[in-house]
*Asks:* 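Got a structure here, written out as structure tokens. Questions coming.
No experiment lies behind these values; they were computed from the predicted model shown.
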Amino acid sequence: MTKEEVVELLILIESVYPNCIFKNETVQQWFQFCTEMDYEKVLTKLKNHIRKSPFPPVIGDIAVFHFEENYFPASLQEWMRKGREKMDCDSNPNKRRPLPAWLTEYTPRKFV
């Protein structure tokens with residue numbers, strides 16, 4: 001986002017919220033944070049915020065940062081697969097693993 005676009009956002013905020021007046025330091029901080037953001041996405045979030053809130057937004061309310069795709073390591077994917085299999089076993093009583101002998105006397109399950 002360019003400085004001109006940031007100024008447009010701040011002017012929009014000040015026009016919608018008349019009690020909101022930005023100081024020079026605040027404008028500099030907005031310039032600093034908004035350079036990494038996409039103008040159209042931030043404008044969309046700002047319009048949604050204006051519709052929903054009677055208070056002016058802070059940067060965190062309308063910020064849209066670009067995040068790179070996160071690829072899980074193979075070991076984490078394997079761990080997640082095993083967890084899903086375990087949940088499948090728990091939800092399907094026919095696939096349940098047998099209980100240890102010491103636990104059978106404390107369980108309400110019937111054993112044949």
Side-chain angles (χ1 to χ4, degrees):
M1 183 182 316
T2 63
K3 285 188 175 186
E4 292 79 20
E5 292 170 335
V6 174
V7 170
E8 287 178 27
L9 290 175
L10 296 176
I11 290 172
L12 176 61
I13 293 170
E14 285 184 345
S15 65
V16 173
Y17 302 101
N19 293 333
C20 178
I21 299 171
F22 292 106
K23 298 178 183 177
N24 289 339
E25 297 84 24
T26 308
V27 173
Q28 291 299 323
Q29 289 176 344
W30 278 73
F31 285 154
Q32 202 174 20
F33 288 113
C34 291
T35 55
E36 304 166 9
M37 298 182 211
D38 179 36
Y39 175 71
E40 294 299 323
K41 292 179 181 178
V42 172
L43 184 61
T44 302
K45 281 190 82 171
L46 176 59
K47 288 179 182 178
N48 287 335
H49 181 85
I50 289 170
R51 287 186 197 104
K52 295 177 182 177
S53 178
F55 304 105
V58 294
I59 293 176
D61 293 336
I62 61 172
V64 179
F65 291 102
H66 174 71
F67 292 105
E68 294 182 11
E69 187 84 19
N70 188 6
Y71 297 101
F72 290 111
S75 59
L76 182 58
Q77 289 179 356
E78 179 67 20
W79 179 78
M80 290 171 59
R81 184 185 60 75
K82 287 180 181 178
R84 277 194 296 274
E85 288 174 0
K86 182 181 181 319
M87 288 190 315
D88 289 342
C89 286
D90 291 343
S91 64
N92 186 350
N94 297 333
K95 289 186 176 180
R96 284 190 176 169
R97 283 180 254 131
L99 289 175
W102 62 269
L103 192 58
T104 56
E105 64 183 277
Y106 301 107
T107 182
R109 275 199 234 168
K110 303 295 181 202
F111 293 95
V112 178

*Asks:* With heavy-atom distances below 4.5 Å as the criterion, would you say the side chains of Val7 and Phe31 are in contact?
*Replies:* yes

*Asks:* If hydrophobic clusters are built by linking Ile, Leu, Val, Met, Phe, Trp and Tyr wherever their side-chain heavy atoms come under 4.5 Å apart, do Met1 and Val58 end up in the same one?
*Replies:* no

*Asks:* Would you check if Ile59 and Met37 make a side-chain contact, meaning some heavy-atom pair closer than 4.5 Å?
*Replies:* yes

*Asks:* Any side-chain heavy atom of Trp30 within less than 4.5 Å of one from Ile13?
*Replies:* yes

*Asks:* Which residues pass the side-chain contact (heavy atoms from CB on, under 4.5 Å) test with Lys45, not counting sequence neighbours?
*Replies:* Ile62, Val64

*Asks:* Which atom names give the shortest non-hydrogen contact between Arg51 and Asn48, and what distance separates them?
*Replies:* NH1-OD1, 2.8 Å

*Asks:* Atom CG in Leu46, atom CG in Leu10: separation rounded to 0.5 Å?
*Replies:* 9.5 Å

*Asks:* Identify whether Phe55 and Ile50 are in the same connected component of the hydrophobic contact network (ILVMFWY, side-chain heavy atoms under 4.5 Å).
*Replies:* no

*Asks:* Under the rule for side-chain contact (heavy atoms from CB on, under 4.5 Å), what residues qualify as partners of Thr2, not counting sequence neighbours?
*Replies:* Glu4, Glu5

*Asks:* So, using ring pair (Phe, Tyr, Trp, His ring centres under 6.0 Å) as the criterion, who are the partners of Tyr17 when residues are at least two apart?
*Replies:* none

*Asks:* Please identify which of these residues, Val6, Thr44, Leu9, meets the side chain to side chain contact (heavy atoms under 4.5 Å, CB included) condition with Tyr39.
*Replies:* Leu9

*Asks:* Shortest non-hydrogen contact from Phe22 to Glu14?
*Replies:* N-OE2, 2.9 Å

*Asks:* When you compare the side chain of Lys47 with that of Leu43, does any pair of heavy atoms fall below 4.5 Å?
*Replies:* yes

